[in-house]
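To keep things clear, I will list the structure first and then write my remarks on it.
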Amino acid sequence: MSVLIKGGRIVTAADDYVADIYVEDETVTLIGESLDQSADKVVDATGKYVLPGCVDPHTHLDMPFGGTTTIDDVESGQTAAAFGGTTTHVDFIIQPPGSTFAEAIEEWRAKANGKQVIDMGYHMAVTDLKEGGTLEDLAALPEEGITSYKLFMAYKGALMVDDETLFKTMEVAAETGALVMVHAENGDAIDVLVKKALAEGHTEPKYHALTRPPETEGEATNRAIQLARVAGSPLYVVHVSCQESVEPIALAREKGWDVWGETCTQYLFIDYTHLERPNFEGAKYVYTPPPRDKANQEVLWNAVRTDILQAISTDHCAFRWDTQKSLGKDDFSKIPNGGPGLENRLQMIHQFGVREGRITLNRMVELLATNPAKLFGLYPRKGTIAVGSDADIVVFDPEKQVTITAADQHSKIDYNLYEGTEVTGSPDTVLLRGHVLVENDELQAQPGIGQYIARAKFGEELKSRRVEPAPAAS
Ligand code: URP
Ligand code: ZN
Ligand code: ZN
């Protein structure tokens, strides 16, 4: 299969120029002016941006959590991603306490087999180094292409680890070259605040935020940074939501420490007042960390503009409002934590980041594609458009007008965080390794086309490789 993309404005993290792209056997093989190669398919990209397929480093598909399971499985979540111009994501394997890492990997890969619409890799969320997981097994994961360890410093009684587990994992990462990711909130303090609020009869969704003050995020971010410094491991702070967390990251980076961070689309647009919406509407915005006071939005835009934060992910963790969020109708602490976003990240950041002058087009590509690919061992196969890269390409129409609405989305969730938002600019055609995934507002490829990517170790850019699917679990 060969594809010729004609006359588009190619935008990478570094460049911005008009040229043609020729794709053979899933790879970009030529970039130049007026290419006249014959091709099985020609895409006219005149007047359009030609962007690298976006990379989402933080998603949760088919994940059991909060007494239920996320509504999007690999097929529906990745379909939503494809329509939004995301062609690779890195999902979290959650080690069930008492299970080995090998058992957890088998379980997660079985959930994906045959359903993949885009390419994907995995992080390992370490929950237990006492009963199931061993330090030796943890150290072996990067050889299997799982080159990042995630630790939850919150969700006491569920996913939260103690500082001993956090620190030991950091020590292993320092040896193996894996990147440590933290959900940074002080879970013990939050647990006290939640119990106190419930004892006082406070059950509404807004108490989700009132029991998780920004200082608990700032404290945990600083603790993780200092512990990573002692252990000698690189650190990536996920879903940074507020100034209290941005500040220690900025300080660490000023000192030249190996600390990186992301925010998520929703923290740039949704604020605390959404949680106060009546008739349990507020439950739609119960994700963690919670929506913050609006003033934090400018802090976060500034952080992504100035490279205090390097990526914008979605933390897509979708629960339906009608049947899942309702588990917490009488108790905010029982509302499953998580929100959607895989489909709208590029549209929202283009509209309110680029069109409204907060970041450049190059910086948008860097935040949504290039930096996640570099940090998570996928670059330069993913995250850029260059000869030799996978032909993961988004032909983006900067003038296409779209009103974002749940009625048109591909996720199985029954609401959209950005309902009614009007954007100018949306993906037109999306290619995955040269295969047309999305065109004419239709999915053109069959599930199964996506592949698992064994990611390279942090800093070893060239070594990511594809791996055949594991046999389905019996
Ligand atoms: O509320 C959220 N973010 N749910 C997903 C799990 C996590 O903390 O990332
Ligand atoms: Zn988290
Ligand atoms: Zn998450």
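Atoms within each ligand, like the ligands themselves, are counted from 1 in listed order.
A salt bridge links R292 to E217: one of the charged nitrogens lies within less than 4.0 Å of a carboxylate oxygen.
Aromatic pair H58/H239: ring centres closer than 6.0 Å. Between Y122 and F92, the distance separating the two ring centers is not shorter than 6.0 angstrom.
By the 6.0 Å and 45° rule, K325 does not stack over the aromatic ring of W321. Cation-pi geometry between K374 and F376 is not met at under 6.0 angstrom from the ring centre and within 45 degrees of the axis.
Between the side chains of T288 and N337, at least one donor N or O lies within less than 3.5 Å of an accepting N or O.
Atom ND1 is the N/O/S atom of H183 found closest to the Zn ion (ligand 2). Taking the N/O/S atoms of D315 in turn, the shortest distance to the Zn ion (ligand 3) belongs to OD1.
When hydrogens are left out, the protein atom nearest atom 4 (N) of ligand 1 is N337 O, 3.0 Å; that is the closest non-hydrogen contact. The nearest heavy-atom contact from the protein to atom 1 (O) of ligand 1 is T288 N, 2.8 Å. The protein heavy atom nearest to atom 7 (C) of ligand 1 is Y155 OH, 3.5 Å. Atom 3 (N) of ligand 1 has D315 OD2, 2.7 Å as its closest protein atom, hydrogens excluded (heavy atom only).
When the options Y155, Y236, Y287 are evaluated for a ring-ring contact (aromatic ring centres under 6.0 Å, His included) with H183, the one that passes is Y155.
Against a heavy-atom cut-off of under 4.0 Å, C317 is close to the following atoms of ligand 1: 4 (N), 5 (C). Near H60, the atoms of ligand 1 lying under 4.0 angstrom from a non-hydrogen atom of the residue are 5 (C), 6 (C), 7 (C), 9 (O). Ligand-side atoms of ligand 1 in range of Y287: 1 (O), range being under 4.0 angstrom from any heavy atom.
Annotation: M63 places no N or O atom under 3.5 Å from an N or O atom of ligand 1; distance criterion only.
Using a 4.0 Å heavy-atom cutoff, F152 is listed among the residues neighbouring ligand 1.
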